[in-house]
S.K.: 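Let me give you the structure first, and then I'll get to my questions.
In this text the structure is predicted, and so the values were computed from the model without any measurement. Along the sequence shown, the residues carry numbers beginning at 1.
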Amino acid sequence: MQQHDTAGGAADYVPAPRRGRPRSNHAQDAIKAAASRLFAKNGITSTSVRDIATEAGVDPALVIRHFGSKEALFLQTMTISTDLGRLVGGPLGTLGRTTLQHLFEDTQESILPIYRALLGAIERPDVRAYVETALEKQLIEPLRDRLAGPDRDLRARLIAAQINGLLLHLAVAPDPVLTATPAPLLLDTYARALQALIDDPRTHDAPGS
């Protein structure tokens, strides 16, 4: 107990701050950090509210109080929009290679575990809707707006499908041939396939053809 003298000489006893669990205004951050680690590592099915609470050092009831449900917490922590947006930045002439370099090097630690967790829960309608919206808003629309030439929407969607397919076979259902292929060779080969869709097809038409 802490003792404080009042003006009249009497003593007020003020309880000392409680220690141990995070204060309420810090609990949400602790829960989200714990959930991010566990969902990325184990997926939504193998992660319980109690697991998250234990990792965060809070009571399980606090998880529900702050976030409503495990599914709502999953969607708040397993977000891919910022990372997806980074994939389609840079000059169009080298965007195929730049996209894959971001994927293989800069964003591997952030995109792949989150993507794995999302696809592991894709049968849930709210997760599927989130993934579809994120792909549309953060990947397909920015690509479509940047591309030149005909069929921009189709080409943007095919590029997104190629990126999606590569992520699937690297992160969710690893293809042993792809994972064993040296990264430079994989990058060179796949970058050409992406770049063929990025480039304006009219620039490859032979005169008089």
S.K.: So does Q162 get a backbone contact from the side chain of Y190, meaning a donor-acceptor N/O pair under 3.5 Å?
M.R.: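 Flag set: sc Y190 to bb Q162 pair under 3.5 Å.
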
S.K.: Identify the two heavy atoms, one from I64 and one from S69, that lie closest to each other, and give their separation to 0.1 Å.
M.R.: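 Heavy atoms only, the tightest pair is CD1-CA, 4.1 Å.
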
S.K.: Restricting to non-hydrogen atoms, name the atom on Q195 and the atom on R97 that form the minimum distance, rounded to 0.1 Å.
M.R.: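 Closest heavy-atom pair between Q195 and R97: OE1-N, 4.5 Å.
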
S.K.: Please determine whether side chain to side chain donor-acceptor pair (under 3.5 Å) holds for the pair D200 and T203, giving the CA-CA distance in whole Å, both sets of side-chain angles, and the decisive distance to 0.1 Å.
M.R.: CA-CA 6 Å; D200 184 344; T203 64; 5.6 Å; no

S.K.: Is there a donor-acceptor contact under 3.5 Å from the side chain of R50 to the main chain of D59?
M.R.: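 Absent.
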
S.K.: Answer whether the closest heavy-atom distance between the side chains of R202 and P150 falls below 4.5 Å.
M.R.: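 SC-SC contact between R202 and P150 confirmed.
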
S.K.: Testing the basics here: between T79 and Y130, what is the closest heavy-atom pair and its distance to 0.1 Å?
M.R.: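 Closest approach of T79 to Y130: CA-OH, 3.1 Å.
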
S.K.: List the steps, then state whether side chain to side chain contact (heavy atoms under 4.5 Å, CB included) holds for L118 with I114.
M.R.: CA-CA 6 Å; L118 286 168; I114 291 174; 3.9 Å; yes

S.K.: Less than 4.5 Å apart, side chain to side chain, heavy atoms only: is that true for E123 and R128?
M.R.: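 A side-chain contact is absent here, since even the closest heavy-atom pair is not under 4.5 Å.
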
S.K.: Measuring only between side-chain heavy atoms, which start at C-beta, is F39 closer than 4.5 Å to I52?
M.R.: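 Contact flag for F39/I52 side chains = yes.
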
S.K.: Can you name the closest pair of heavy atoms from I163 and T99 and give their distance?
M.R.: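 So the minimum-distance heavy-atom pair works out to CD1-CG2, 3.8 Å.
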
S.K.: Atom CD of E55 and atom OG of S36: how far apart are they, to the nearest 0.5 Å?
M.R.: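 That separation rounds to 10.5 Å.
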
S.K.: Once salt bridge (Lys or Arg N to Asp or Glu O under 4.0 Å) is applied, do any residues pair with E141, and if so which ones, sequence neighbours excluded?
M.R.: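 Residues passing salt bridge (Lys or Arg N to Asp or Glu O under 4.0 Å) with E141: K137.
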
S.K.: Between S48 and D51, do the side chains contain an N or O donor and an N or O acceptor separated by less than 3.5 Å?
M.R.: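 Result is yes, a qualifying pair exists.
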
S.K.: Any heavy-atom pair between the side chains of L73 and K70 that's under 4.5 Å?
M.R.: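 Contact flag for K70/L73 side chains = no.
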
S.K.: Any side-chain heavy atom of L95 within less than 4.5 Å of one from L143?
M.R.: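 Heavy-atom side-chain distance check passes, below 4.5 Å.
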
S.K.: Are any non-hydrogen side-chain atoms of K32 and F67 less than 4.5 angstrom apart?
M.R.: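 In contact.
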
S.K.: Would you say the side-chain atoms of S46 pair up with the backbone N or O of G43, donor to acceptor, closer than 3.5 Å?
M.R.: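 Here the side-chain-to-backbone pair does not exist.
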
S.K.: Looking only at heavy atoms, which two atoms of P142 and V88 are closest? And how far apart?
M.R.: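 Nearest heavy atoms, P142 then V88: CB-CG2, 4.1 Å.
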
S.K.: Let me see the working for R144 and E136 under side chain to side chain contact (heavy atoms under 4.5 Å, CB included), right down to the final yes or no.
M.R.: CA-CA 10 Å; R144 183 179 61 219; E136 187 74 27; 4.1 Å; yes

S.K.: Would you compute the distance between atom CG of D199 and atom CG of L194 and round it to the nearest 0.5 angstrom?
M.R.: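 Answer rounded to 0.5 Å: 11.0 Å.
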
S.K.: Can you name the closest pair of heavy atoms from A40 and A117 and give their distance?
M.R.: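 The pair with the smallest heavy-atom distance is CA-CB, 4.5 Å.
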
S.K.: Determine, for E71 against R124, whether the closest basic-nitrogen to carboxylate-oxygen distance falls under 4.0 angstrom.
M.R.: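 Looking at E71 and R124, the cut-off is met.
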
S.K.: Let me check something: do L154 and I140 share a hydrophobic cluster, defined by ILVMFWY side-chain heavy atoms less than 4.5 Å apart, either directly or through other members?
M.R.: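 Hydrophobic grouping puts L154 apart from I140.
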
S.K.: Measure the shortest side-chain to side-chain distance between L100 and L166 over non-hydrogen atoms and say whether it is less than 4.5 angstrom.
M.R.: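 Answer yes - side chains close enough.
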
S.K.: Does the side chain of R152 reach to within under 4.5 Å of the side chain of R146, using non-hydrogen atoms?
M.R.: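 Of all side-chain heavy-atom pairs linking R146 with R152, none is under 4.5 Å.
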
S.K.: Charged N to carboxylate O below 4.0 Å: is that the case for D188 and R192?
M.R.: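 No, D188 and R192 are not salt-bridged.
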
